Protein chains: 2
Amino acid sequence: MIKHEQAIETLRLKGHRLTPQRLIVLSIIASSDGHMGVDEVFQAAKKTYPYMDIATVYRTLHLFKDLGVVTEVAIGDRLHFELTDLDGHHHHMVCRACNGAFNLSPHYLAEFRDTLNKEFGFEPDLEHFAVTGICIDCQRSEFESKEKQK
Amino acid sequence: MIKHEQAIETLRLKGHRLTPQRLIVLSIIASSDGHMGVDEVFQAAKKTYPYMDIATVYRTLHLFKDLGVVTEVAIGDRLHFELTDLDGHHHHMVCRACNGAFNLSPHYLAEFRDTLNKEFGFEPDLEHFAVTGICIDCQRSEFESKEKQK
DNA sequence: CATGTTATTGCAATCAATTGCGATTACTAA
DNA sequence: TTAGTAATCGCAATTGATTGCAATAACATG
Ligand SMILES: [Mn+2]
Ligand SMILES: [Mn+2]
Ligand SMILES: [Zn+2]
Ligand SMILES: [Zn+2]
């Protein structure tokens, strides 16, 4: 629970108010081990605070993101959030067929980033990147269902 | 205009109907040299066909995408479309500050794709990829405005 | 503890994108 | 050329995300 306390301290230091809505969203995100979709957060929040509004959830998550408390990741076309990983960044491979999310060490993208930097002076947004695709298991099932068809 | 005829032939071969709406969207996309946002296409289409509906524009663009006639690229959070580049794929760097889009040869991502393939058996969606970030010019302006501040 | 200031909230409106549905129309085949 | 049929369209409703605004509540100050 040290992380939780730290986040609250960050809020206070930057002059943000400690509202019940913010504390609830924080504890929900903190109690999850992976990413959470915005609606998941919203549904969970309504259970302890029925007046919670989806706009407040979005505003809170964006505030937490600005403060560095949570990290945003676009999976497909939906936004997901998770507590910022203090042990270093990571990326994701997300399967478009089964929605499985696999972690990816940052070094797989470091080279790409460096190349764009050196060759074009371009600084890409690759903090917490999710690349969609088809995982190895779903490639197999796809292959098998094609076999069966003939 | 050879491309245009080819697209029409593709529609007919796959059993899709040649509607005025489809022909208009096709000619608009074909007459543009870069990406077009969906609303750009819609506004242009309404000029020659005032009854055009935005839903039809989306459905038409998605059909064209499935047929391989156009390619979709997500720039920031908006979808853009362009005629499929027959001379080979390409990617983009898009500046978050000035919205400038720069083309990127596919070889910059080939390595990344191969690594995911070999190490994890993951097949990433990287057909027509756009990475956002800050271009070299905007990095300079950012730096200068920070200098001026002190 | 009471009070004033202002950040924050809930609600409704809005925007990009998608979808269900009944009306229309492109094409097939007589 | 003329139906018949299914694909397609326009329209309205819906969804995820965002925003303006008036009401509310967190917090500083006395
Ligand atoms: Mn993550
Ligand atoms: Mn392109
Ligand atoms: Zn999968
Ligand atoms: Zn720029």
Side-chain angles (χ1 to χ4, degrees), chain A residues 7-26 28 35-46 48-67 69-70 72-81 94 96 99 130 132, chain B residues 7-26 28 35-67 69-70 72-81 96 99 130 132:
Chain A
I8 290 176
E9 196 49 30
T10 305
L11 274 177
R12 173 165 282 136
L13 282 173
K14 297 267 178 86
H16 299 284
R17 293 182 182 172
L18 296 180
T19 65
Q21 293 91 336
R22 285 174 178 167
L23 298 177
I24 286 164
V25 169
L26 179 62
I28 289 168
H35 305 120
M36 289 188 81
V38 178
D39 197 63
E40 280 180 88
V41 177
F42 178 48
Q43 297 305 329
K46 273 203 294 195
T48 47
Y49 193 86
Y51 284 95
M52 182 70 75
D53 192 88
I54 187 71
T56 302
V57 173
Y58 275 103
R59 282 189 281 229
T60 303
L61 289 172
H62 288 153
L63 173 67
F64 287 174
K65 179 186 155 194
D66 289 343
L67 296 174
V69 169
V70 302
E72 179 188 282
V73 59
I75 299 189
D77 57 350
R78 300 280 163 81
L79 295 182
H80 286 238
F81 293 85
V94 179
R96 169 162 45 83
N99 286 315
T132 57
Chain B
I8 291 176
E9 195 50 31
T10 306
L11 275 177
R12 174 166 280 136
L13 281 174
K14 297 268 179 86
H16 299 285
R17 294 181 180 174
L18 296 181
T19 65
Q21 292 91 337
R22 285 175 179 167
L23 297 178
I24 286 163
V25 168
L26 179 61
I28 288 168
H35 304 121
M36 289 189 81
V38 178
D39 197 62
E40 280 179 89
V41 177
F42 178 48
Q43 296 305 328
K46 272 202 292 196
K47 278 177 190 158
T48 45
Y49 193 87
Y51 284 96
M52 181 71 74
D53 192 86
I54 187 71
T56 302
V57 173
Y58 276 105
R59 282 189 281 231
T60 302
L61 289 171
H62 287 154
L63 172 66
F64 287 174
K65 178 186 156 194
D66 289 343
L67 295 175
V69 170
V70 303
E72 179 188 281
V73 57
I75 298 189
D77 56 350
R78 300 280 164 81
L79 295 182
H80 286 237
F81 293 85
R96 170 162 46 84
N99 286 316
T132 57

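Quick caveat: nothing in here was measured; it's all calculated off a predicted structure. Numbers restart at 1 for each chain; the letters A, B, ... are given by sequence-line order, proteins then strands.
- The closest donor-acceptor contact from the side chain of Arg12(A) to the backbone of Leu18(A) lies at 3.5 Å or more, if one exists at all.
- Residue Glu72(A) contributes atom CD, which lies 13 Å from atom C1' of dG16(D) at whole-angstrom precision.
- Atom-to-atom, CD of Gln43(A) to P of dT15(D) comes out at 12 Å; the value is rounded to the nearest Å.
- For the pair His16(B) and dT8(D), the criterion of a side-chain N or O lying under 4.0 Å from OP1 or OP2 is met.
- Nearest-nucleotide positions on DNA chain D for Gln21(A) and Tyr49(B) put Tyr49(B) closer to the 5' end.
- Inter-residue side-chain proximity for Val38(A) and Val41(A) is flagged as unmet; no heavy-atom pair is nearer than 4.5 Å.
- The C1' atoms of five pairs define one axis at each end of the helix from dC1(C)-dG30(D) to dA30(C)-dT1(D), and these two axes lie 20° apart (to 10°).
- Here chain A contacts DNA chain C (any atom closer than 4.0 Å to a heavy atom, that is under 4.0 Å), and the contacts span dT6(C) to dC11(C) from 5' to 3'.
- Between the P atom of dA7(D) and the CG atom of Leu63(B) lies a distance of 13 Å, rounded to the nearest Å.
- Taking 4.0 angstrom as the limit, Thr19(A) places none of its side-chain polar atoms (N or O) nearer than this to OP1 or OP2 of dA26(D).
- When each of Glu72(B), Glu40(B), Arg78(B), His80(B) is tested with His35(B) by the rule side-chain contact (heavy atoms from CB on, under 4.5 Å), just one qualifies, namely His80(B).
- Annotation: of the two residues near DNA chain C, Pro20(B) and Arg59(B), the 5′-most nearest-nucleotide partner is Arg59(B).
- The aromatic rings of Tyr49(B) and Tyr51(B) sit perpendicular, their planes meeting at an angle over 60°, well past the 30° parallel limit.
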